[in-house]
Structures are given as structure tokens and as C-alpha cells.
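Since the model is a prediction, treat every value here as computed from it, not as a measurement. Throughout, a chain's letter reflects where its sequence line sits, starting with A, and its residues are numbered from 1.
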Amino acid sequence: MLFTFSWLKEHLETEASLEEITDRLSMLGLEVEGIDDRGEALAPFTIGYVKEARQHPNADRLQLCVVDTGSGDEQVVCGAPNARAGMKGVFAPSGSYIPGSDMTLKPSKIRGEDSNGMLCSEREMGLSDDHEGIIELPEDAPIGEGWAKWAGMDDAIIDIALTPNRGDCASVRGIARDLAAAGLGTLKPLDDTKVAGGFESNIKWQRDFSSDAGDACPMVVGRTFRNVTNGESPQWLQDRLRAIGLRPISALVDITNWSTFDLGRPLHVFDADKVSGDLTMRFAKSGEKLEALDEREYALEDGMIVIADDNGPQGIGGVMGGIASGCSETTKNVFLEVALFDPIRIAETGRKLGIISDARYRFERGIDPTSLEWGTEIASRMILDICGGEASELTVAGELPNWQQSQSLRTSRVLSLGGIDVPVAEQEKFLTVLGFEPVVEGDELRCVVPPWRPDIEGEADLVEEVLRIHGYDDIPALPLPNDAVVPNPVRNAAQDRVETIRRTLASNGLVEAVTYSFLDAKTVSLFGDVPESLRLVNPISADLDTMRPSVLPNLIAAIARNQARGMENPSLFEVGPQYADDTPEGQAMVAAGARAGQTGARSWAVKAEPVDAFHAKADVIAALSAVGAPVDNLQVSIDAPGWYHPGRSGCLRLGPNILAQFGELHPRVAAAMDIDGPISVFEVFIDNIPPRKSKGGASKPLLTLSAFQPVRRDFAFIVDEDVAASDVLRAIRTVDRALITDAELFDVYRGKGVEGGKKSLALAVTLQPVDATMTEKEIDDVAEKIVANVAKQAGGTLRG
Amino acid sequence: MTTENLDSLRDTLLADIDGAVDLDALEAIRVAALGKQGSVTGLLKGLGKAAPEERKALGQAINTVKVTINGALAARKEDLEAGALDARLIDEAIDVSLPVRPSQDGRIHPISQTIDEMLAIFCEMGFEVAEGPHIETDFNNFTALNIPPEHPARQEHDTFYLPEKEDGSRLVLRTHTSPVQIRTMVEQEPPIRIVVPGRTFRADYDATHSPMFHQIEGLVIDETTHMGHLKGCLIEFCRTFFGVDDLPARFRPSYFPFTEPSAEMDIGCSREGGGLTIGAGADWLEILGCGMVHPNVLAACGIDSTKYQGFAFGLGIERAAMLKYGIPDLRTFYESDLRWLRHYGFSALDIPSVAKGV
């Protein structure tokens, strides 16, 4: 919402400075977005008198002008055709910044003649595009005075960002009212004296709505004006409109725009001679079209309110008028429309048609219904004053809706909700100036919600009114009362696991990424089917139209992008959601990671190797161990989903519950996603990890240390190629879980000495006696049992 | 054997010892002199043949020589060992300017770090984390938050929609973390004091908007919390988060459908010299929206709005991270560019806590 300082003063009697006003506006909730203090920019420009003008001796099209600046004469070389002796113009002395040509004037010689300053055109001053000649001022313009002040152009332009609830402040008057309530002046009275009609309007208002849709346009008022002259509007009006970025068009149109911004009361004017029959408020019929004032044709739909005459729609109610019945310079007879519309329908119509207009902006926020009366009278008087002519009697259709609403404020609520003790007298004063007509009744203020404040619905709104006028700044800041001196953990155990895994993976050398929750359908198809319920109806692009069923695709795409940038051995992880369906339960928290290329940079000291499934498995185990998952008891299965290499991947599970998947990425997926070289990936399903057992609180099981030497024995077993190492290890451990404290596999051998289709597994077994040192016999007995169990459970034979 | 001869043997041996070039040569000298067949050993063995009256004096003299030789051998051995060690050390020298073995250094994303910093502060004020799904009902995302279907604020939210269901309803990607307020209030009796960090989604993409971003939401519901507490809580939060003890803060009236009264909070900043510095300065910077929970919102969750009240706030996590850490571009947060992640990311061990300062 744009307005100027002097425009504000039309409504507000104030001594406050521009700065006081703008500072206060923001603190009233009318956030100042910009202040263009044109007076400052135009300060160097003064009124000068051209005493002499003669031909430049060395240039045909230039003149030498001697300008009386009020503080001495200056010679100016001027190229304007209209420069002549005896005229008054706008003079800019040397040193002035010329906004229209973005330069600072310097004393100079032009074709050998001194030139000190400039006589300016409107374009040079940044006022308009007019560069036909220099500005000519009337004879009575005072020589030497500041031009901007004299011309009323020293007016600061203020831009405020309105919150959607404050439709009343989409008018200069509404803003003035808030400032008056805040004590920055007095709201001037509004002259809404009735204009007497001299004849009956030949155009009458009709409403044609079904009984349940009457609220679309509950009431409309109009009148005809005969014999008007629709010339240019007066300079003051043109200046105001220009200042807020509107182009003056004609007196009648300018009056409607003025009313919109000055009073928040949009109007429309029809050329009465172009209207055929009466005007009717009704819904559009499908197939109807209208060329609106923006010279575009709109296809209208049912539910949109139109103003129609016998020939069809002539305007889109509350949004924009039609071009066919619009006013022009030749308009002699005019019909004024002052209507009230349903805000929701206006918003919907505007949105559907893509029309953003000043009328829509106000109607969709809700306007003062009583402006049907006062708005009509003020506009009528202005038309008569500016355009002359004669006004008809009013034509009215519909009824003023009941806007009266009372609302009480318990005065104690300002303290108990707002946190500041504002004396009742002050509360009453603020609400009075805001138009709430408060009456003290016991410990309450009984208020009438003013018709321009449809946003006020309850007591909390009144508390806000009192607070914002008083100022939020004065509310004392208090600490939140805290029962506990030492706070509880901010995250619960389940949430904390997510963070532990995050930091564990980063400690493992992976770099955390955050990628979108959505991606393109084509990439998703590499990662299984996604239900239709997870396809966005309105994605910002086709690349981002599907909720991700796995965190991996976006992460792998990020790896590919980093490789394309020349990053070697990229390794990334993300801890985030994946979506199985559209239910809350379908959203799972997953830690996913990807390592590509080599295990590290090439080095003189260690040999880097290509990443493989075991690097991914190591990341998985680190993550699971960090949150206390029983990693030693997990089963390894080889049924990872299709995006994994079928022979080089696995799942870690507790029965049917899959905790993690890891392995090399399927070469077909890697190729489709432009991955260069080896890549291993993993997914840890954090929600599936059983909670850490918290029996006994923080205390750990008692540590009992044996006094006896542990015994280490190495074994090598020949097993079939398809026997899983984990089966051999389990066969060893289950021999005696108490005695066998460790079994580590340290070598896998194939080749000479081992027949084809078989492999040799070398294992180190640790026996830890607790009662006595083991005898050779005891050791041999255990070794025999181990060999027997491996033979039984894994078909292994001791390698000779 | 005369005393002269003995002196001569001693001098010869001492000279030999002195001239021994290494430990092996020294050992040979020792064996030659003091070994079983050694010259000095031989003299001692031959002592029995000496005249009895000379035997004592001669024995003493030979012993003196033996002690001297032993001493010289030990001294020479020490010298030679020291020399050998010196030589070995020189031989073992390496180029310590060689680089270390490569290790991979992981990083924590600035969004995660910023959330952890914020939670460390809110923890001190007694908040606990609540979470909710990203795919939400229209009711939780809008209606319960006092944004009825025709409300203009819905259009400003640029909502992502999922396909319409048979009953005409359609789910949305949550446009803010506020639906978790609703879920919490529906499930939990006051007093409530939660913060909700998480992903949010809006159909908007340009230099300052991303279709996915993160917010943190706060909600306090009890019988007495008012705007003074709101101010105290959020001023303390911003001062601690930005590490500026005297950070100026102001609250301006604003509008959100789900709060009444509503406010926007600005913090002081300076734009001198083209940069942006958080702290006392000539300018203000909008940092978050907040307000007292609207009675309609409480009612929608079945909470008695005549008994309970409280405040809510929400702020953008990326924006806070950008301001705190001087990250210039929002979109770079999601590009996963390793150069960016290494530069703006954090060490895994850098766990924010109020005890050490966030």
C-alpha cells in the first residue's frame, strides 16, 4: 500500500515528522517497506527566471540563457526549443545530481560558452518521460524558492506491507486512524453530506441471485450523472496518483482510483450511453466472455459475479470493469457503481482469472459495508466538483447486511494474555479512537466492532488492538518459569538415536548431505514401485514429482554430480525420511550412505582399494553399534532389494525385522545414474532397531576379569564355496558360549591346495577359562568339539 | 716378568683398545688380553712360578693392569656403542615432510548442526522435541490452525498436493511444522512445552525459496504463559543462538491466522560496508513470527481456551544458519556439493551444548 506524507495529512491533523510517523507505523503492525523522500532528492531544484535568451554563437540549436536564480544570475547553455526570455523554469545549479540522467552537474563550457547549471525537463528530474522541452512555471512562481516544495512535490512516498487482516488500512484514512489512536495526531472528520438527486436515474440496479447466494452481492448503490465533462483531473489529483505509481487517465477514472486508495472504497463508472437497459448483478453464465479494462478477454465461469446489461456482462464484479462500457474523454453521462461483494467469491474469481487489481485487493479483504452510503456521497460530490453536471437520485438493490457485532474485553486480559498492565482509561481511549465505542461495564469494556474491522472476532483481537497501540516494546520480557533447574533431555531416546547415528557416520568419514524428499518418477522406477498416492499433483517440475521410497536415489545422484565436478572418492550420507505410502506410519527414518571410487586418496604409504560391500557393511555396523543394536546376534541374509548387486549385498536382520541393507550398487542402476567406477551403498532403518535395554538404569553389568591366561588357537576349515562365513563362526561360538569369548575370521583362501568349488577359512579362537588354567587335554577336547560342530553345521573339514 | 714388561704390556693393550674401530675388534682385544688364553690371564696363571717373595707384589701389579684394562675396555665399549647408535640414527632418518596416510574426514550438515544448536538452547528452557509426518491432512495443516478452506492465507502457502482420494479429500505436504502443534495438543494434556524441527514444503523455487526447507516451531501451553514470557523466551534464544549478549530485539504486531495477538520479531543488525552483521546496528532484520495461540486453534484440539493459553513461534532453520554462518545462498544447502559441505559443514565431535556455548 503506497501513499504520500501530504496525502496522509489530508486525514490526520499532525505535527509529527516523517520519521516519527514511519517508525510508529511499523510498530503498529503496518510494516514500512520503503520510504522515498523525494523532497530530499529534489531539494537542489529551484525556481529560476530566464532574463535573457539569445542564440549560441557557435551552435544553431542552442541558446545562451541568463537565469535569475534568486541568489545571482547564471549563464546556462540550453537546447530546449521552448527556452525563452521572460519564462520561469526549474533551475538546477552546478553540483546538483540530476536523477533523470544519473549525473552530477559541473560548471562547463559548451561550444566555447560557459554553462553553469541547467534548466530542467520533467524527464531530467525523474518525474516523467516528457522531454519535449523544459518545464514552464506560471508567472507567480517565486524566484529562488525550492521547486519541489512550491509544487507540492516534496512529498515522501511511503510503502507499507499490509497483513491480510488489515483491509481497512488499504486506505490512507485507515492508516491515519491507526496513527491517531497511537497519539500521533487527530483524525479529521469525513464530510459525507448527502448529494441531492435532481432526477430519476434511467439505469436501475437489479440483483439476480438465488435465495441462498444473495451474499455474493448483498447490496449495490448507483446513480447517473448528466452532462459531465470528463477531461483531465486536477493537478493535485494527478500528482497523488502519479506518486503512488498510477497513471492519470481521466477525471472520472482518477476519482474512482482516488476513492480506492483514499477511502478503501473501490468504485466503478460506466459510460451511461453505452449501457443498454438496466444493470444487473448476477453470476456469469458459462460461455460468457468479457474484454476487461486491461484489454484482455476473459472467459467467465459460473460463480463469478458479473455486472450485466441487456447485451451481457459489462464488468467482473469487484475485480475489473469492461472496456466496452468504460468512460472516455467523450463521456457525457456517467453511471456510478458502489457495490458490496462476498470476499471469498472475489478472491476465487480473481485467482481463477489471474487478475490482480486494486479493487480485488480490497474486496477480498473485506470493506466497510457502510461505505455503500458514505462512499456514494463522497464520490458523487467529487464528480460534481470536478466534472460538473447533475446527479440523479440513487438507485439501490439489495440490503445492507447486518454488520453490527459487539465484543467485550475483560480489562484484566491485557495483562494476563498480553503481559502488560495497561490502565483501563488508556485501553478505553485507544479503542475509542479506533472506533470501537467502548463502554466500561464492571471489569469489562463493551465494544462495538467498527464496520471496517471484519477481522475482529474475539477478545484476543481486542487485546491485540490495545497492545499494538500501546506498543509491544513496553511489554516486559520475562523468563519462562522453569520447575526443573536441570532440564530434561530435549530429545527422547528414539529421537536421540537418530542423532547418534548421524554423528557416528560423520565420524566414519562420511559427509552429511540433505536432499529433497521428492525426485523424478524415472529415477524412482530404478528403486521399485511407488504408489500413485505418492505422486505430487502440482510438482514445481517433473524432476520433483514423486515422494522418495528410498533415501538412496537422491544421494547417488549427488555422488554422480560430485564425480562430474571432478571430486574423487565422494562419500555422502543422509539421515532423513523415506515414504512407503501416504500414511504417517509409511514415513520411516533412514540413515543412508554411499561411498564411490577408492577407500582414500592415493598415498605413498598405503594402497587405496576400490570401495566394496564391506565398507558399506562397516558403516552399517558402526551405526547399529552406536545405538546399542545387538550386532553380534544379527543374521545376515542375501536378499537385499533389486538396486543392490545381487551377489554382493546383504541384509542385517533380527528374524523378519530388517535393520539394514548394504552392498555394491547394482551395475545397471549405477550406469543409469551416471556413476563412474565402484560404488557401495547402505540403508539403516532406524525405526526398526530395537530400543536399547534400559533395565537397571545407567548401570552396566559387573565386569569379572579372569585371573587365568586366555588360550588362542588357529583353525583352518575347508568348506563349500556357498557356505557363509557367518555359519562357520556361529558353529564355533555355539560350542561353548562361556568359554569361547572370541572367534575371528582372518583369512579366506582359494587356489593351490584347495580343490575347486571349495574355500579355506582361517579363524582365531580365544578360550578364556575362569576357574583354572586349561590343560592340554581340555584344550584338545574343545578343539575337537569345534571341528565336529563345524563339520556338522557347515560341512567343513579341518585343513590338513 | 718385570715391572717394565708389565707396564709395556699394559700400554700396548691400552693403545690397542684405544685403536679398536668397532665392538668386534674391541671384543677380540678383550679375549686376547683377558680371555682364557689371554695375555693378562696367562700372567696370572704363571704367578705360581714366580718367587714366593715376589709373588704378592707381582700379583698386585698384574691385577692393577687387569683392572685398568677392564676399565679401558668398558669405556671404549661405551664410546663405540654411542657411536654405533649415532650412526644408526643417521641411517634411520626419514623425510618427515611426507604427508600422513590419507584419512576421510566426515562432516555434519549445517542444517543438522543448527538444529542441534537450537535444541541445546530450548532444552535449557524446558522444551522437548515433538515430531510429525510430512504428508499431512488438510485439517492439521490448515483448518485446525484457523485457516478455513477459503482463507487467503492458503494461497500464500503454495501448497503441494497429493492425489485426491475417493472421498474428495486430499493430503498435502506440510507447509509448515505447525501441524505438529495440533497433533501434540490433540494427544497431550497441558502443560505443553515442545519444539518441532523438521522438513517443510512449498511449491516455490527461486533465489530465496526452495521447495523443501526446514523450520523449527515452538509451542508453550499452560494456564499463565503470556506475551511477556514469549518475549523473554525468544530474546534469550536469539541472544544465545547468535552469541550476542546485547543483541537488540523488537516485536512488531503482525498477523498469522493461528495466533492472536501476533508478532514478528526483529533483531538488530548492521549493513555497513555491504556485509550483514548481527548485533547492535542501524538496521533491523526480521527473524521469526510468533504470537499467543489463537483460541480457535485450542478449541480445534479440544483444549479449553478459557483455561489454557500460551504462545507459538516458528522460524526458518536455513535462514538462521545463513545469518549465523554467513552462508550466502539458500539453494546450495540441498546441492550436496562436497566442496560446500566440507567448507560449511561441522566436525562430528562439535556437538553443540549450552555448557560450552552454541
Side-chain angles (χ1 to χ4, degrees), chain A residues 26-27 29 163-165 344 347 364 416-419 458 460-461 463-464 467-468 472-473 475-480 482 487 490-491 495 502-503 506-517 532-533 536-538 540 544 558 562 567 570-572 577 582 584 587 600-601 603-606, chain B residues 98 101-102 104-109 111-112 119 122-129 133-135 150 152-153 155 160-163 171 199 203 205 211-212 220 226-229 231-233 235-236 250-255 260-261 263 292 294-295 309 333-334 336-338 341-342 345 348 351:
Chain A
S26 282
M27 299 313 285
T163 53
N165 59 325
I344 295 166
E364 71 184 8
S416 67
L417 185 67
D461 297 280
V463 172
E464 180 178 81
L467 288 178
R468 70 180 184 89
Y472 282 8
D473 267 352
I475 301 172
L478 299 179
L480 269 180
N482 233 344
V490 69
R491 288 188 170 108
Q495 294 159 347
R502 188 193 311 279
R503 287 188 184 269
S507 310
N508 251 24
L510 293 162
V511 176
E512 191 190 10
V514 173
T515 70
Y516 290 149
S517 285
E532 281 306 308
S533 61
L536 295 180
V537 172
N538 57 334
I540 49 165
L544 302 170
N562 277 294
M567 303 295 291
S571 58
L572 293 172
D582 61 7
Q587 180 180 324
S603 163
W604 60 272
V606 285
Chain B
L98 280 170
R101 291 169 183 80
Q104 285 203 329
D105 184 20
R107 304 303 272 175
I108 293 289
H109 196 284
I111 291 175
S112 302
L119 293 187
F122 286 121
C123 177
E124 295 289 315
M125 295 193 240
F127 286 84
E128 290 174 15
V129 170
H134 304 161
I135 299 173
E150 67 284 355
Q155 273 62 53
F160 281 117
Y161 291 99
L162 291 157
L171 296 169
R199 293 181 175 217
Y205 186 63
M212 185 191 92
V220 176
H226 57 57
M227 279 193 83
H229 302 114
K231 284 183 70 173
C233 169
I235 291 171
E236 191 63 30
R250 72 173 187 185
F251 291 76
R252 284 179 289 104
S254 188
Y255 171 76
E260 189 71 38
M292 302 306 295
H294 199 290
Q309 62 183 41
F333 280 79
Y334 322 100
S336 309
D337 184 329
L338 276 161
L341 293 169
R342 290 198 185 284
I351 301 175

Given a strict heavy-atom distance threshold of 4.5 Å, which part of [X] is in contact with chain B: side chain, backbone, both, or neither?
X      : answer
A:I540 : both
A:L467 : side chain
A:P479 : backbone
A:L572 : side chain
A:M567 : side chain
A:P476 : backbone

Side chain, backbone, both or neither of [X] within contact of chain A (heavy atoms, under 4.5 Å):
X      : result
B:P295 : side chain
B:D105 : backbone
B:Y334 : both
B:L119 : both
B:I111 : side chain
B:E236 : neither

Of all of [options], which one pairs up most often with chain A through heavy atoms under 4.5 Å apart?
options                        : result
B:I235, B:V220, B:I351         : B:I351
B:G126, B:P211, B:S254, B:C233 : B:P211
B:H229, B:E260, B:E124         : B:E260
B:P253, B:G232, B:P133         : B:P253
B:H109, B:M212, B:R101         : B:H109
B:L171, B:L98, B:L338, B:L341  : B:L338

| task | Of all the heavy-atom pairs spanning A:N562 and B:S336, show the shortest one and how long it is. | result |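 Answer, listing the atom of A:N562 first, then B:S336: ND2-O, 2.7 Å.
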
| task | Locate the shortest heavy-atom distance separating B:H226 from A:L417; write the atom from each residue and the value. | result | CB-O, 3.2 Å

Evaluate the side-chain proximity of [Y] to [X]: yes if any heavy-atom separation is below 4.5 Å, no if none is.
X      : Y      : answer
A:V606 : B:P102 : yes
B:L162 : A:V537 : no
B:P163 : A:E532 : no
A:E464 : B:M292 : no

Considering only heavy atoms and a distance below 4.5 Å, find which of [options] pairs most often with chain B.
options                        : answer
A:P577, A:S571, A:G458         : A:P577
A:N482, A:T163, A:D473         : A:N482
A:V463, A:T515, A:L544, A:V514 : A:V514

| query | Under the 3.5 angstrom rule, does the side chain of A:Q587 hit a backbone N or O of B:H134 as a donor-acceptor pair? | reply | yes

| query | Is A:R503 reaching over with its side chain to a backbone N or O of B:A348, donor-acceptor style, under 3.5 angstrom? | reply |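 Yes; judged by distance alone, with no hydrogens or angles, the pair exists.
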
| said: Under the rule for salt bridge (charged side-chain N to carboxylate O under 4.0 Å, His left out), what residues qualify as partners of A:D582, not counting sequence neighbours? | reply: B:K165

| message | Quick check: A:Y472 with B:F251 (ring centres under 6.0 Å apart)? | response | no

| field | Set of ring-ring contact (aromatic ring centres under 6.0 Å, His included) partners for B:H294, sequence neighbours left out | value | none

